[in-house]
Enquirer: 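One structure, as structure tokens, below. Some questions next.
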Amino acid sequence: QVQLVESGGGLVQAGGSLRLSCAASGRTLSNYAMGWFRQAPGKRREFVARISGSGGRTYYGDSVKGRFTISRDNAKNTVYLQMNSLKLEDTAAYYCAASPAYTDDTTRYNYWGQGTQVTVSS
């Protein structure tokens, strides 16, 4: 089992920045690719970013490319999502998840956090 706990969400003005953290416990995080997903009210869950177990590969959804950066510190069992130039449409609950495969297929992610809310205001 892997337990994931997100933190760092909050209220920020458009154009601002936030850094989300996802702390893992239970198993060695480096064995898992990690992803960030988000879901706004009334919308489907959306892939945001993923990172390989070693941190050597990353991939981003089109809507966040160039603004968000995913990273990980396996020594701290933590994954981060740096969000810059935030837009109103970035408002959502953000979830981190762990997968044995490097993929953006949500069905391959076995472990999920409880989510952290990000609200971007004008």
Side-chain angles (χ1 to χ4, degrees):
Q1 290 285 346
V2 176
Q3 291 79 43
L4 302 173
V5 179
E6 302 97 335
S7 61
L11 176 64
V12 62
Q13 287 192 326
S17 299
L18 279 176
R19 188 176 81 155
L20 304 184
S21 298
C22 173
S25 60
R27 289 189 179 177
T28 303
L29 194 63
S30 60
N31 292 334
Y32 295 88
M34 297 296 295
W36 284 98
F37 299 81
R38 67 186 182 185
Q39 189 167 20
K43 295 188 177 181
R44 295 178 62 182
R45 185 165 292 183
E46 177 188 11
F47 165 74
V48 175
R50 67 177 188 260
I51 188 167
S52 60
S54 66
R57 291 182 292 168
T58 59
Y59 187 77
Y60 298 90
D62 288 341
S63 60
V64 306
K65 203 170 295 183
R67 300 187 298 122
F68 290 11
T69 302
I70 188 171
S71 62
R72 65 191 299 160
D73 185 340
N74 286 337
K76 295 183 178 180
N77 260 12
T78 302
V79 178
Y80 304 97
L81 185 69
Q82 178 66 43
M83 306 186 296
N84 298 329
S85 302
L86 282 161
K87 303 176 180 180
L88 297 179
E89 52 264 41
D90 294 319
T91 295
Y94 283 72
Y95 301 87
C96 68
S99 171
Y102 180 63
T103 178
D104 56 357
D105 180 354
T106 58
T107 65
R108 301 293 303 277
Y109 285 82
N110 301 325
Y111 304 103
W112 292 80
Q114 83 290 348
T116 186
Q117 179 67 34
V118 172
T119 302
V120 183
S121 65
S122 58

Enquirer: Closest heavy-atom contact between Ala33 and Ala101?
Expert: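 For Ala33 versus Ala101, the nearest heavy atoms are CB-O, 3.5 Å.
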Enquirer: What residues join Tyr80 in its hydrophobic cluster, counting side-chain heavy atom gaps under 4.5 Å, either direct or through other members?
Expert: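 Hydrophobic cluster check, Tyr80: no partners found.
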Enquirer: Between CG of Asp73 and OG of Ser30, what distance do you get to the nearest 0.5 Å?
Expert: 11.0 Å
Enquirer: Can we say Lys65 and Asp62 salt-bridge, meaning some charged N sits less than 4.0 Å from an Asp/Glu carboxylate O?
Expert: yes
Enquirer: Taking atom SG of Cys96 and atom CD of Glu6, what is their separation to the nearest 0.5 Å?
Expert: 4.0 Å
Enquirer: I'd like to know whether Ser63 forms a side-chain hydrogen bond (donor to acceptor under 3.5 Å, both in side chains) with Glu46, so could you lay out the CA-CA distance, the side-chain angles of the two residues, the decisive distance to 0.1 Å, and finally the verdict.
Expert: CA-CA 10 Å; Ser63 60; Glu46 177 188 11; 2.9 Å; yes
Enquirer: Kindly write out the residues that satisfy ring-ring contact (aromatic ring centres under 6.0 Å, His included) with Phe37, not counting sequence neighbours, or none if the list is empty.
Expert: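 If we apply the ring-ring contact (aromatic ring centres under 6.0 Å, His included) test to Phe37, skipping adjacent residues, the hits are Phe47, Tyr109, Trp112.
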Enquirer: Say you draw a straight line from OG of Ser52 to CZ of Arg72; how long is it, rounded to the nearest 0.5 Å?
Expert: 7.0 Å
Enquirer: Please answer whether the main-chain N or O of Thr58 pairs with a side-chain N or O of Tyr102 as donor and acceptor at a distance below 3.5 Å.
Expert: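 Yes; at least one donor-acceptor contact below 3.5 Å.
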Enquirer: Which value, rounded to the nearest 0.5 Å, describes the distance between Ser71 atom OG and Arg19 atom CZ?
Expert: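 Rounded to the nearest 0.5 Å, the OG-CZ separation comes out at 7.0 Å.
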Enquirer: To the nearest 0.5 Å, what is the distance between NZ (Lys43) and CD (Glu89)?
Expert: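 Atom-to-atom, Lys43:NZ and Glu89:CD are 8.0 Å apart.
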Enquirer: Give a yes or no answer on whether the side chain of Thr78 reaches the backbone of Lys76 with a donor-acceptor pair at less than 3.5 Å.
Expert: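 Answer holds: yes.
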Enquirer: Starting at CD of Gln117, measure out to OG1 of Thr91 and round the result to the nearest 0.5 Å.
Expert: 7.5 Å
Enquirer: When you measure from the side chain of Arg67 to the backbone N and O of Ser85, does any donor-acceptor pair fall under 3.5 Å?
Expert: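 Indeed, once roles are kept as given, a pair shorter than 3.5 Å links the two residues.
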Enquirer: Counting neighbours of CZ on Arg45 that are heavy atoms of other residues, nucleotides or ligands and sit closer than 6.0 Å, is the number greater than 12?
Expert: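 Count over threshold, so yes.
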Enquirer: Could you list the cluster mates of Val48? Members are the ILVMFWY residues connected by side-chain heavy atoms closer than 4.5 Å, either directly or through other members.
Expert: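 Its cluster partners, ordered by chain and number, are Val2, Leu4, Val12, Leu18, Leu20, Leu29, Tyr32, Met34, Trp36, Ile51, Tyr60, Val64, Phe68, Ile70, Val79, Leu81, Met83, Leu86, Leu88, Tyr94, Tyr111, Val118, Val120.
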